[in-house]
Each structure stands twice: as structure tokens, then as C-alpha cells.
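A, B, ... follow the sequence lines: proteins, then strands. Residue 1 opens every chain. The figures that follow rest on heavy atoms only: side chains count, while hydrogens, waters and symmetry mates do not.
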There are 2 protein chains.
Amino acid sequence: MADGKGLTDRELRTWRTFLGVATVLNHRIEQQLKDTAGLSHPQYEVLARLSNAPDGELRMTELAGVALTSKSGLSYQITQLEKAGLVQRRPCDNDDRGIIAALTEAGWSKLRETAPAHVNLVRSTFVTPLTPDQFTHLTAALDTLGAHLGITPQTITALREPPPT
Amino acid sequence: MADGKGLTDRELRTWRTFLGVATVLNHRIEQQLKDTAGLSHPQYEVLARLSNAPDGELRMTELAGVALTSKSGLSYQITQLEKAGLVQRRPCDNDDRGIIAALTEAGWSKLRETAPAHVNLVRSTFVTPLTPDQFTHLTAALDTLGAHLGITPQTITALREPPPT
DNA sequence: GACCTTTAATTCGAATTTGAATAACTCGCG
DNA sequence: CGCGAGTTATTCAAATTCGAATTAAAGGTC
């Protein structure tokens, strides 16, 4: 478990900066989403993940796997989103235990309205402050850390088309 | 407010990886601190910040500034830490409004017991997976992002000496 | 000194998070 | 079939978070 040595002051400083950046960034985003869309960050995450899945729907467990909350946390958030009419629960065909969460029409709309401003905030706080080289290096470092933590590569594309209607 | 363009898939992927890494890392640390010391990450942060201040004490506001919680959150956590005997509240000399949170003897001990394993976890999950070059680049990128977010440089040194007794 | 604005810290209620317990179901195996 | 182990999702209580309102005191101005 131990790794032998401690951390140098520089390593510790980097770690603290990482925590600080993550915290502040998260806080800013939370703020903006709340103001412009009445959504929390976890809620937006759920919508975005769903929009990225085929037909805009995903089983609870799959959703919990990629989203940043626990299983029970997801249940709660889906309930909230359902109250808001952005998502709907539907039984799973082949598995009577399963529940599928699906984006509603309103969910797609909300996401289309909300995504641009959100993405711009991410861009202006996380991307443009860095030089292209810095960003490339950051990507590489995060990929390495992510792989080491067992995080599945975050294959996500920008907002998809509306439902097949 | 807008920044013109959206995000490329690659940029979005990096962002998601960042969120994932931050979340998982935080979760691991939370877990370990809870198991080995019965502390939450915010609580550990408070102790660490105090230990890094002269005499192991800091005014509430200063502490709230560097710690990762809101003011009310800090009040709550200090109360918890006080119940655990690790911190003590003390009125501020020159300012009757102020409250100073000070590490107790037990607080110093707890931190000395807890810090090594914690630091090793940070090291093994955040530092050693990266090559020295990668880490250097990561530091640079985070510093840039932090500066852009108005985060004060995280000057922190490793665990200090016990109280001057 | 009285007054007003600002700052410090806590308290309050509402919303959210967590893990443990629960309920419902699948699957493999005898 | 029927049992037992493993999965899926929800529910529950407890702990934590946040922001708004509150209380108390400092600092400046007249």
C-alpha cells in the first residue's frame, strides 16, 4: 500500500491546485446551470449521457456507471428529472428487473437550449486558457491517470440529433 | 460570455476525463480517510490547513478561504472536529467578531498518524502513474487554469512540527 | 456619541448524498 | 421444477451541503 516516500512540496502544491481547480470549476458550472436552466450538474450529466446513447435511453445501471453518482443518488436524480418532465422511466424489455431512463421530447429541448452556454463555459474556463500544447499535455496526463484509476475512456460526442421522431 | 465555437470531441473527452478523474480520486481518498482515521476529506483538509498555519491556528474566514467548503459548511465541520476533540474554537484577540480554530494536541496526533497513508495514496494515484515530464506539464496546466480561476497559489508544505508545547 | 455600511460567524430549512437494508427478479444447477 | 446465489433498482435514515437570514461587532462619517 505504501509507496515509500512522501510528497515533495511541489507535488503537494500540484495536488492542492488540482483539488482547487476541480472545486472551483465545478462550482462555476453548477452556478451557471442553475441560473440558466434550473439544473444541477449531476442532472445535466444525466441528460448529456442519455443524449449520447442510442435513442436517448439507457438502463439505470449503465447510467450509474458513467454518471458521477452512486446508484441511490441516480434513482433520486432520475425522480427529480421525471418530475420536471425531462426524462421518463420505462420497464426494460428482456429483463423485468431493469428500468430504462429515456429522454423525453422536453428533455431533448432542454438540452439543446442549455448545452451551448454550458459548453462555452467549459471552453472558456478549461480549454482556452491553455495553449494548444498545454492542452495536449493535460489530455495525456489525465488519460494516464484515468487509465490507472480504471476509468473507461470517455467517448462522448457533441450533442446529437433530436429523437428519431 | 460566449466564446464563439463549441468543443471538439477531443476537448469534450478531456473535460469528461477530468471530471471522472477528480470524482474517482476524491472518492478513493474519502474512502481511505474514513477507514483509517474516521475523517472525511473536508475534515482532513481543515486539519491539514491548520497544521500549515503558524501555531496551528487560523481564523474562520481565512480557513474558509483556503478550504474547499462554504462558510456555513466550515462552521459545521469545525463543530464536528471540535466534538472529536481535534480542534478548538477560541475567541480572536483584536476582533471580538472573530473566532480562531486551533489544532488541539489530539488534532496534531491524529494528523501525524493519518498523513503518511494519505500522502502515499495521493502519491500512488496522482503522482507516480505519470512520467516526470507528464507531471511537470500537468503542474503547468493546472497552474494556468488555477490562475485563470483566481485561485491563490497553494503554498503548502508537508506536515509541520508538533505544537511548540 | 449616533448612525450606517461592511464584515464575521452561526443558524436555519431545504435539497442532496451516502451506504445499508429491502424487494423483485434472473440465472445456473441439481 | 425449485432452490440459492447474484443482480437490479428503490427506499430509508443519517450525514452533509448550500444559501439566505440572523446576530454581533468593527469602522467610517458626521
Sugar-phosphate atoms are those with a prime plus P, OP1 and OP2; base atoms are the rest. Using that split, label each nucleotide of nucleotides 13-26 of chain D B, S or - for protein heavy atoms under 4.0 Å, 5' to 3'.
--SSSBB-----BS
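dT17(C) atom C1' lies 16 Å from atom CD1 of Ile78(A), rounded to whole Å. Here the C1' atom of nucleotide dA15(C) and the NE2 atom of His41(A) are 18 Å apart, to the nearest Å. Between the C1' atom of dA9(C) and the CG atom of Leu74(B) lies a distance of 10 Å, rounded to the nearest Å. The separation between Ile99(A) atom CD1 and dT26(C) atom P is 12 Å, rounded to whole Å. Taking atom CZ of Arg28(B) as the reference point, atom C1' of dT18(C) lies 18 Å away to the nearest angstrom. Here the C1' atom of nucleotide dC25(C) and the CZ atom of Arg59(A) are 11 Å apart, to the nearest Å. As a whole-Å value, the separation of Asn26(A) CG from dT16(C) P is 15 Å. The separation between Asp93(A) atom CG and dT26(C) atom P is 13 Å, rounded to whole Å.
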Donor-acceptor pairs are to be reported for all side-chain atoms of residues 65-75 of chain B against protein atoms at under 3.5 Å, with residues two or more places apart or in another chain.
unit_1, atom_1, unit_2, atom_2, d
Ser70(B), OG, Ser72(B), OG, 3.4
Ser70(B), OG, Gly73(B), N, 3.2

For residues 81-91 of chain A, tabulate all N or O donor-acceptor pairs below 3.5 Å that involve a side-chain atom, not counting sequence neighbours.
unit_1, atom_1, unit_2, atom_2, d
Glu82(A), OE1, Arg89(A), NE, 3.1
Glu82(A), OE2, Arg89(A), N, 3.0
Arg89(A), NH2, Thr79(A), OG1, 2.5
Arg90(A), NH2, Glu57(A), OE1, 2.9
Arg90(A), NH2, Glu57(A), OE2, 2.7

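Legend: residues meeting ring pair (Phe, Tyr, Trp, His ring centres under 6.0 Å) with Phe135(B), ordered by chain and number and at least two apart, are absent. For Asp96(A), there are no side chain to side chain contact (heavy atoms under 4.5 Å, CB included) partners two or more places apart in sequence or in a different chain. Annotation: side chain to side chain donor-acceptor pair (under 3.5 Å) contacts of His41(B) (sequence neighbours excluded): Asn26(B).
Checking Gln134(A) against Thr144(B) by side-chain atom types alone, a donor-acceptor pair falls below 3.5 Å.
For the pair Arg89(A) and dT10(D), the criterion of a side-chain N or O lying under 4.0 Å from OP1 or OP2 is met.
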